[in-house]
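The structure appears below as structure tokens.
In what follows, chains carry the letters A, B, and so on, assigned in the order in which the sequence lines appear, proteins first and then strands, with residues in each chain numbered from 1.
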Protein chains: 2
Amino acid sequence: MNELTKFYKLLSDETRIRILMLLKRHKLCVCELCGIMEETQPKISKHLAKLRDLEIIKDERQEQYIFYSLNTDNPLYLLTLNIIYDKLDQFPILKKDFERGKFPEKFFISAKS
Amino acid sequence: MNELTKFYKLLSDETRIRILMLLKRHKLCVCELCGIMEETQPKISKHLAKLRDLEIIKDERQEQYIFYSLNTDNPLYLLTLNIIYDKLDQFPILKKDFERGKFPEKFFISAKS
DNA sequence: TCCTTATATACCTATATGCGTATATAAGGA
DNA sequence: TCCTTATATACGCATATAGGTATATAAGGA
């Protein structure tokens, strides 16, 4: 399977779309994503790994936290994500994600301690 | 699953990409596609069904033949297929498909009888 | 009507994929 | 060093998916 079909395969899952759309607005760490999306940590981690492996996103460790952001090096990926962003009405749950993601630091665990 | 993720799911298979790219150039019937692609009839039929069900392609019966063509009503589908068309180097097998598809009627069974 | 041809689809199998539970790994701090 | 925390990953399971063989269905013709 080549890169393009792999890319579309990754886009065929709603959870990953949600992740990508949230990362399009903010760089976020795993715990923030889990909090915003109300999903389990292993689930989010596994999806992030797939996205990172194809270099759609990139990671950056800061202490014990790993922040993820969109990789802006691939024009095709960016274009396609923009296309999806224009079709957000197809993902009602993303409305809630964005609301909860307005202040992502609320879900930043260390911020609570 | 919504339409967009369904669409990407369909694009994550090489056989279906090949079909779509061939249909981008010519309206073709099943036997022509099978001949051009050197694939089995049930395989091609099943892929065509999936594409038709999501209205990415449309069918048109002419006697005992069913011709398939791209559905041009959805701008997003068209745009995406154009994007793929610009990345054909990722699908070496398509080079052969296009060669064999230059004269699709060669694989039109009735033309041989 | 029956036979032939084009195509769709049923049925089955092997493989892929999403997700949960549990645990391993990496980093920080006492 | 040991404990805690953040995150990755192993393992297992249920479901989805691609593709092959066989057959059903639709259309044409004698």
Review point. For the pair made of CD1 in A:Ile44 and P in D:dT9, what is the distance, rounded to whole Å?
Key: 15 Å
**Study point:** Minimum-distance pair of heavy atoms, taken over all atoms of B:Thr5 and A:Glu14
**Key:** CG2-N, 4.3 Å
Study note, to complete from the structure: Of the candidates D:dA6, C:dT7, D:dT9, the side chain of A:Ala49 sits closest to D:dT9
Exercise for review: Could you check how far CE of B:Met37 sits from C1' of D:dG19, rounded to whole Å?
Suggested key: 13 Å
Study note, to complete from the structure: note: B:Lys43, atom NZ; D:dT17, atom P; distance rounded to Å ~ 17 Å
Practice item. Would you indicate what B:Lys9 reaches in the nucleic acid, counting non-hydrogen atoms under 4.0 angstrom: base, sugar-phosphate, or nothing? Key: sugar-phosphate
**Study point:** C:dA6 base / B:Gln41 side chain donor-acceptor hit below 3.5 Å
**Key:** no
Point to revise | Check: B:Tyr65 ring centroid to B:Phe108 ring centroid under 6.0 Å | key: yes
Revision key, fill the gap. From the candidates C:dA8, D:dT7, C:dT9, the one with an atom nearest any side-chain atom of B:Val30 is C:dA8
Check your understanding: Between B:Ser45 and C:dT7, is there a side-chain N or O to OP1/OP2 distance below 4.0 Å?
Key -> no
Point to revise | Spacing between B:Tyr68 atom OH and C:dA6 atom C1', to the nearest angstrom | key: 11 Å
Review point. To the nearest angstrom, how far is B:Glu63 atom CD from D:dT25 atom P?
Key: 23 Å
Check your understanding: Going by an N to O cut-off under 4.0 Å, is there a salt bridge joining B:Glu38 and B:Lys96?
Key -> yes
Revision key, fill the gap. Taking D:dG20, D:dG28, C:dT7 as options, the one with an atom nearest any side-chain atom of B:Ile66 is C:dT7
Review point. Would one find a side-chain N or O of A:Arg16 under 4.0 angstrom from OP1 or OP2 of C:dG18?
Key: yes
Point to revise | Between D:dT5 (P) and A:Phe107 (CZ): distance, integer Å | key: 20 Å
Exercise for review: Considering just the side-chain nitrogens and oxygens of B:His47, establish if one lies under 4.0 Å of OP1 or OP2 belonging to D:dT17.
Suggested key: no
Point to revise | Under 4.0 angstrom between B:Thr15 side-chain N/O and D:dG19 OP1 or OP2 | key: yes
Point to revise | Length of the CG-P vector between B:Asp13 and C:dT17, whole Å | key: 11 Å
Revision key, fill the gap. By side chain to side chain donor-acceptor pair (under 3.5 Å), A:Lys58 pairs with (sequence neighbours left out) none
Point to revise | Interatomic distance where NZ belongs to B:Lys6 and P belongs to D:dT17 [whole Å] | key: 11 Å
Check your understanding: Hey, does the side-chain of A:Lys50 have a donor or acceptor N/O within less than 3.5 Å of a partner on the base of C:dG18?
Key -> no
**Study point:** Flag, side chain of A:Asp59 to backbone of A:Ile66, donor-acceptor distance under 3.5 Å
**Key:** no
Exercise for review: Please confirm whether B:Arg52 makes a cation-pi placement over B:Tyr68, using NZ or CZ under 6.0 Å from the six-membered ring centre and within 45° of the ring normal.
Suggested key: no
Check your understanding: With a 3.5 Å cut-off and no angle check, do the side chains of B:Glu3 and B:Tyr77 form a donor-acceptor pair?
Key -> yes
Check your understanding: Using Watson-Crick and G-U wobble pairs with both distances under 3.5 Å, what is the 5'-to-3' dot-bracket string of DNA chain D, with [ ] for crossing pairs and | for pairs outside the strand?
Key -> ||||||||||||||||||||||||||||||
**Study point:** A:Gln41 versus A:Cys34, closest heavy-atom pair with distance
**Key:** CA-SG, 3.5 Å
Point to revise | Nearest-nucleotide pick for A:Thr40, side chain only, options being C:dT9, C:dT7, C:dG20 | key: C:dG20
